[in-house]
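Basis for what follows: all heavy atoms, side chains included, without hydrogens, waters or symmetry-related copies.
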Amino acid sequence: MGDDNITIDPWGSAQSTDYSRIIDQFGLTPFQPTSVTSPSKLHRRGIVFAHRDLDVVQEAQRKGDPFGVLTGLMPSGQMHLGHSMVVEQVKWFQQQGGDVSIAVADLESQATRGISLSKGREVALEEYVSNYAALGMDPETTNVYFQSRRPIVQRLGFQLGKRTNLNEFESIYGFKGETNLAHVQAPLVQVGDILHPQTEEFGGLRPIVVPVGVDQDPHLRLTRGLANKTNWFNLKDASSMGLLVSLSIHDENAEVFGQLPNGRVDREKVGGVFSQIVGALKDLGFSDVISNPKQGNVHIPSATQRDKHNIRMSLLHLERQLGGLGLLAPSSTYHHFAVGMTGSKMSSSQPKTTLFLNDDLATVEKKIKRAFSGGQSTVEEHRRLGGNPDTDVAYQYMMYFFEEDDSFLSEINSGYRAGTILAGEMKQLCIERATVWMGHLHEMRDQTAHLVQDFLAEDAQ
Ligand code: TRP
């Protein structure tokens, strides 16, 4: 119908898997597995396929500077394999030195799914946090909190709501006049989730990365836009060479920036701000800084793209000293969705489409046996034509979840295509690995049950 744009609805059941179009349309950066040290299987296999500003996090990682990881969980339904993928990524960042915040989206699930706060708490602890512990997250550097019990999360959402409007919500989420306002409030609370770890109280200014499926990207676009709109200083490429810092004047900083109520400008105040900018830049080692308070900018001719991040951080610190929020736009990574076991979308409301983390081993076996297969309909045809591992659930689940060994995977991939491995044999391989993986998880859940409390932040006790 002429409109071939993808709309991503985080609450909808439709799910686009046209990942290259998503990259183009939403301006994601393709992920290069070689760009990370000690890549996980999700990185090596192209399952993590795109990011925004991951380099900022990687630089912090390299330098040993602090950085944080944030994720959120909806305390409704049971935790399944799809959820475990996010945990694997969070755990990977944690092992690289990141501190972890986990939002229990109890306000969101109350408003959008009718789950009471007390039920949400119960589900979060029994279904989710217990599995996070069993999957090997480190309680020492993990803080699980509840949206309903962390006022700063709600306050930030409210405060930043001022910098967006219904038109923007319409273009990001496709909202219409009949949209329930819970769907307006929930994203604002999620903005608070994503940005609050940078506040002084929760760890201070540092890069925060949010690993998500593409269904959550609308929230990241919103959050990044809002963070940028609050910034007091802009940093952009100068038209000649180098970088240019300018003031972004709005009502929260008008006074500090010397904008008098009568429309005049307090030159002395402006001069003071400019010398603070120059001072900050000199501290970073730039000696050739040209300050033009009259034109409203500071030019750093010798600065290059590689200096951008350091300069930005230093300006955010200065903004905070002057009374601003000083928020850095979050980084994010995106992963492909594993196919549902029936061949359609994986969904917690349809038990046949996934394995729940507490499915018993007999159920695991039964579901894999019945799973959608990329094999041919008869053995004879399969031997002749070969199977398709790209649509074969048993193969896909080994690739996404159960098999660490890349060379084994590529062996069975070509064996399947060549028709030497049959569909039933592929399922048997998957059942063996799934049984080991699930068996181990269940054992770990018993062993780590006593740690659940240790994952909770002070305000979540
Ligand atoms: N909206 C998310 C979901 O539907 C849950 C969530 C809340 C979240 N806050 C978050 C996810 C922050 C990532 C980051 O699952």
Side-chain angles (χ1 to χ4, degrees), residues 40-42 44-47 77-88 91 127 130-132 134-136 335-383 385-448:
S40 77
K41 68 174 184 298
L42 300 178
R44 298 193 305 269
R45 298 173 188 174
I47 296 171
Q78 300 182 60
M79 191 164 169
H80 60 62
L81 281 180
H83 299 118
S84 76
M85 248 201 294
V86 175
V87 179
E88 184 170 338
K91 190 172 103 180
E127 261 302 319
S130 62
N131 279 309
Y132 285 18
L135 287 164
H335 57 81
H336 288 173
F337 294 109
V339 64
M341 300 190 86
T342 51
S344 58
K345 191 193 155 192
M346 188 187 281
S347 156
S348 20
S349 57
Q350 289 175 317
K352 286 184 187 151
T353 65
T354 189
L355 297 179
F356 294 112
L357 297 189
N358 58 10
D359 275 349
D360 58 40
L361 299 182
T363 308
V364 170
E365 177 166 356
K366 196 171 72 192
K367 284 185 177 176
I368 296 173
K369 278 203 169 126
R370 292 183 184 165
F372 185 85
S373 152
Q376 304 294 344
S377 43
T378 66
V379 170
E380 190 277 317
E381 249 178 65
H382 190 94
R383 294 273 184 228
L385 302 170
N388 182 5
D390 299 337
T391 58
D392 192 272
V393 168
Y395 176 81
Q396 289 289 312
Y397 280 32
M398 283 189 270
M399 176 173 94
Y400 272 77
F401 309 114
F402 305 133
E403 179 56 59
E404 286 296 323
D405 184 346
D406 292 346
S407 57
F408 177 77
L409 264 186
S410 79
E411 225 172 85
I412 59 173
N413 187 309
S414 31
Y416 204 51
R417 286 188 201 282
T420 52
I421 298 175
L422 297 174
E425 292 168 338
M426 189 64 95
K427 286 186 175 174
Q428 203 46 48
L429 290 172
C430 183
I431 288 169
E432 281 161 23
R433 280 154 184 80
T435 305
V436 172
W437 193 90
M438 282 286 202
H440 176 72
L441 180 69
H442 295 175
E443 197 181 309
M444 288 310 288
R445 212 158 45 221
D446 291 341
Q447 280 181 30
T448 57

A.B. asks: Please assess L409 against Y395 for the test side-chain contact (heavy atoms from CB on, under 4.5 Å), listing each intermediate value before the final yes or no.
C.D. replies: CA-CA 8 Å; L409 264 186; Y395 176 81; 3.7 Å; yes
A.B. asks: OG1 of T354 to CE of M341: how many Å apart, nearest 0.5 Å?
C.D. replies: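 With rounding to 0.5 Å, OG1 (T354) is 7.0 Å from CE (M341).
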A.B. asks: Determine, step by step, whether M85 and I47 satisfy the side-chain contact (heavy atoms from CB on, under 4.5 Å) criterion, reporting the C-alpha distance in whole Å, the side-chain angles of both residues, the deciding distance to 0.1 Å, and the verdict.
C.D. replies: CA-CA 10 Å; M85 248 201 294; I47 296 171; 4.0 Å; yes
A.B. asks: Counting only N and O atoms by type, is there a donor-acceptor contact under 3.5 Å from the side chain of H83 to the main-chain atoms of H80?
C.D. replies: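 Judged by distance alone, yes, a pair lies under 3.5 Å.
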A.B. asks: What heavy-atom pair brings Y397 and A338 nearest, and what distance separates the two atoms?
C.D. replies: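 Y397 and A338 have their closest heavy atoms at CE1-CB, 4.4 Å.
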A.B. asks: I'd like to know if the side chain of T353 reaches the main chain of S347, judged simply by a donor and an acceptor atom lying under 3.5 Å from each other, with no hydrogens or angles considered.
C.D. replies: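 Yes, because the side chain of T353 sits within donor-acceptor range (under 3.5 Å) of the backbone of S347.
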A.B. asks: Would you confirm whether D392, through its side chain, and N388, through its main-chain N or O, come within 3.5 Å as a donor-acceptor pair?
C.D. replies: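 Checked: no pair found.
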A.B. asks: Okay, side chain of H382, backbone of Q376: is any donor-acceptor separation there less than 3.5 Å?
C.D. replies: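 Judged by distance alone, yes, a pair lies under 3.5 Å.
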A.B. asks: Does the distance from a Lys or Arg side-chain N to an Asp or Glu carboxylate O, for D390 and R417, drop under 4.0 Å?
C.D. replies: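 Answer for the salt bridge query: yes.
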A.B. asks: Would you say the side-chain atoms of D360 and T363 include a donor-acceptor pair closer than 3.5 Å?
C.D. replies: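 The criterion, which ignores hydrogens and geometry beyond distance, is satisfied for T363 and D360.
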A.B. asks: Are the side chain of D446 and the backbone of E443 linked by a donor-acceptor contact shorter than 3.5 Å?
C.D. replies: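 No; judged by distance alone, with no hydrogens or angles, the pair does not exist.
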A.B. asks: Applying side-chain contact (heavy atoms from CB on, under 4.5 Å), run through L429 and F402 and close with a yes or a no.
C.D. replies: CA-CA 10 Å; L429 290 172; F402 305 133; over 6 Å; no
A.B. asks: Partners of A134 by side chain to side chain contact (heavy atoms under 4.5 Å, CB included), sequence neighbours excluded?
C.D. replies: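 In terms of side chain to side chain contact (heavy atoms under 4.5 Å, CB included), with neighbours along the sequence ignored, A134 is linked to L441, M444, R445, T448.
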A.B. asks: Got a donor-acceptor contact below 3.5 angstrom from the K367 side chain to the P351 backbone?
C.D. replies: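 Yes, because the side chain of K367 sits within donor-acceptor range (under 3.5 Å) of the backbone of P351.
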A.B. asks: Using modelled atom types only, decide if a donor and an acceptor are shared between the side chain of K427 and the backbone of A394 within a distance under 3.5 Å.
C.D. replies: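 Checked: no pair found.
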A.B. asks: When rounded to the nearest 0.5 angstrom, what is the spacing between SG in C430 and CD in E365?
C.D. replies: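 Answer for the SG-CD pair, C430 versus E365, is 11.0 Å.
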A.B. asks: Which heavy atom in E404 sits nearest to a heavy atom in K41, and how many Å separate them?
C.D. replies: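 Distance-wise, the nearest heavy atoms are OE2-NZ, 3.1 Å.
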A.B. asks: So does R370 have more than 12 non-hydrogen atoms from other groups sitting under 6.0 Å from CZ?
C.D. replies: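 Counting neighbours around CZ of R370, 12 or fewer heavy atoms of other residues, nucleotides or ligands fall under 6.0 Å, so no.
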A.B. asks: Looking only at heavy atoms, which two atoms of R45 and M399 are closest? And how far apart?
C.D. replies: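 Residues R45 and M399, closest heavy atoms: NH1-O, 2.7 Å.
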A.B. asks: Between atom CD of Q78 and atom OG of S348, what is the distance when rounded to the nearest 0.5 Å?
C.D. replies: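 Rounded to the nearest 0.5 Å, the CD-OG separation comes out at 8.5 Å.
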A.B. asks: With sequence neighbours excluded, tell me which residues meet side chain to side chain contact (heavy atoms under 4.5 Å, CB included) with S414.
C.D. replies: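 Here no residue qualifies.
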A.B. asks: One pair to check against side-chain contact (heavy atoms from CB on, under 4.5 Å): Y400 and H336. What are the steps and the verdict?
C.D. replies: CA-CA 10 Å; Y400 272 77; H336 288 173; 3.3 Å; yes
A.B. asks: Within the distance-only criterion (no hydrogens, no angle test), does the side chain of R383 pair as donor or acceptor with the backbone N or O of T420 below 3.5 angstrom?
C.D. replies: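 Flag set: sc R383 to bb T420 pair under 3.5 Å.
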A.B. asks: Using modelled atom types only, decide if a donor and an acceptor are shared between the side chain of E403 and the backbone of D405 within a distance under 3.5 Å.
C.D. replies: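 The answer is yes, because a donor-acceptor pair under 3.5 Å joins these two groups.
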A.B. asks: Would you say the side-chain atoms of R44 pair up with the backbone N or O of D406, donor to acceptor, closer than 3.5 Å?
C.D. replies: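 Side chain of R44 to backbone of D406: no pair is present.
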